[in-house]
Protein chains: 2
Amino acid sequence: MSPRLDARSKLLDAAARLFYAHGISATGIDAVIAEAGVAKMSLYNNFESKSGLVAAYLQARHEEWLELYRARLGASSDPVGGVLAIVDAYLDHAEAGYEHGFRGCGLLNAAAELPAGDPGRSIVAGHKAQVEDLLREHLESLTDSRQAAALAEQISFLLEGAISRAGLEGHSELLHRAKSLITSMVRAL
Amino acid sequence: MSPRLDARSKLLDAAARLFYAHGISATGIDAVIAEAGVAKMSLYNNFESKSGLVAAYLQARHEEWLELYRARLGASSDPVGGVLAIVDAYLDHAEAGYEHGFRGCGLLNAAAELPAGDPGRSIVAGHKAQVEDLLREHLESLTDSRQAAALAEQISFLLEGAISRAGLEGHSELLHRAKSLITSMVRAL
DNA sequence: GTCTATTTAGACCGACCTGTCTACTTGGAG
DNA sequence: CTCCAAGTAGACAGGTCGGTCTAAATAGAC
């Protein structure tokens, strides 16, 4: 691994921890490089600016979720399992060890503090749309496409709400309740 | 109205606009007093610190929602109308004129950028819990208390998710879709 | 008209912000 | 061994942050 890539990944790891725990604008450059253990110039050699680091952070969170999803999907590939893999990906995220507790979806939290026209908000909106799309694809194996689309929207709302509420409470219990609700909805098809 | 209270309400109005549009940590003291048209010392005569202003802002958003809800509730007081009054309160909020577009629930957005132990997060969690409680009370007139509690949780998740997604897209369409979904769920009881 | 409480504008403080620059060290490829 | 890209530590700049302070203006109570 080239040292340049090494510094870059150390910075992304540090940003992931600090941005998630304390928020983006509350986290300064100096805190990120101290947590990463690299020099300030290594940040500016790998990213255009703090905004560039933020964009990379958002992209990494999206890809991290996709990997959790794919790992869950590998285990079972029937349509019901596919829907539950999406829920479980969020559960895995919620139950990963966080220094300061679970605080909800990192992407949604980031969007909440980005200004109205910021490109980062599009990344987040795209992630949420993709999740709904994956839900719809699995559901189309279980019912007609009209109902699949409606159910995908409904389940994505349920999931989103459960994650937000769970993040406010700091633990994953509400997310488990959403999972059992979604499970019975999908099994009834 | 005493001038002191006048300055206080001008500050709260300005904070409401700026905190909602640009986020809390991205909004400086100087921006708030410029928007309010008052002197900096008027802020510190009325609030202990910026955190004090933020806490008052959160409280005001909660009370603002309660007033929207009560106004909607006055129109129709059957249980179904009670549930829909809650949804409509959020719709009224979403469709109020915002300088930079609808950006979701101001309370949830604020919580997203508050650090883990901040008392402001408890205010937000309390608001969400109270909304679920109001839902449950209305639903208990329509079904047994066990199902009322389960449905209240489910509807609060749906609402929360729809608001977040709608905020990402900048308009209230998704919230209308959630309303029609909730309407048919409640009418079926 | 006088007194008192409040608001005003703005200077000021130390801390922190993002971002740049320099000068030195390191380590792997040829 | 040499070279060079990448890393290092840290000073530095210009700006903004939250918060304090002062002195002048103002307005209501008496």
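So you know, we letter chains A, B, ... as the sequences are listed, proteins then strands, and number each from 1. Not measured: the values here are computed from a predicted model.
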(Q) Using whole Å, what does the distance between atom P of nucleotide dT6(C) and atom CG of D6(B) come to? (A) 15 Å
(Q) Applying side chain to side chain donor-acceptor pair (under 3.5 Å), can you list everything that pairs with D118(A), at least two apart in sequence or on another chain? (A) none
(Q) Applying a 4.0 Å non-hydrogen cut-off, can you work out what G52(B) is touching in the nucleic acid: base, sugar-phosphate, or nothing? (A) nothing
(Q) With a 6.0 Å cut-off on the ring centroids, do H93(A) and F102(A) count as close? (A) yes
**Q.** Those residues that, when tested against E95(A), pass side-chain contact (heavy atoms from CB on, under 4.5 Å) (two or more places apart)
**A.** L91(A), S172(A), H176(A)
Q: Starting at the 5' end of nucleotides 17-22 of chain D, put B wherever the base has a protein heavy atom under 4.0 Å, S where only the sugar-phosphate does, and a dash everywhere else.
A: -SBBBB
Q: Grab the CD1-C1' distance between I33(A) and dA9(D) for me, whole Å please.
A: 10 Å
(Q) Taking side-chain contact (heavy atoms from CB on, under 4.5 Å) as the definition, give me every residue that meets it alongside A89(B), ordered by chain and number, with sequence neighbours left out. (A) W65(B), L68(B), Y69(B)
(Q) Please report the distance, rounded to the nearest Å, between CZ in F47(A) and C1' in dT20(C). (A) 18 Å
Identify all side-chain donor-acceptor contacts of residues 50-59 of chain B below 3.5 Å with residues at least two apart in sequence or on another chain.
unit_1: K50(B); atom_1: NZ; unit_2: I24(B); atom_2: O; d: 3.1
unit_1: K50(B); atom_1: NZ; unit_2: T27(B); atom_2: O; d: 2.8

Q. Does S42(B) place a side-chain N or O at less than 4.0 Å from the phosphate oxygens OP1/OP2 of dT6(C)?
A. no
Q: Tell me whether the OP1 or OP2 atom of dT7(C) has a side-chain N or O from N45(B) closer than 4.0 Å.
A: yes
Would you tabulate the side-chain donor-acceptor contacts of residues 147-155 of chain B under 3.5 Å, counting partners in other chains and residues two or more places apart, or write 'none'?
unit_1: Q147(B); atom_1: OE1; unit_2: T143(B); atom_2: OG1; d: 2.5
unit_1: E153(B); atom_1: OE1; unit_2: R177(A); atom_2: NE; d: 2.9
unit_1: E153(B); atom_1: OE1; unit_2: R177(A); atom_2: NH2; d: 3.3
unit_1: E153(B); atom_1: OE2; unit_2: R177(A); atom_2: NE; d: 2.7

Q: Rounded off to whole Å, could you give me the CG-to-C1' distance for the L11(A) and dT8(D) pair?
A: 13 Å
Q) Atom CG of L43(A) and atom C1' of dC17(C): how far apart are they, to the nearest Å? A) 14 Å
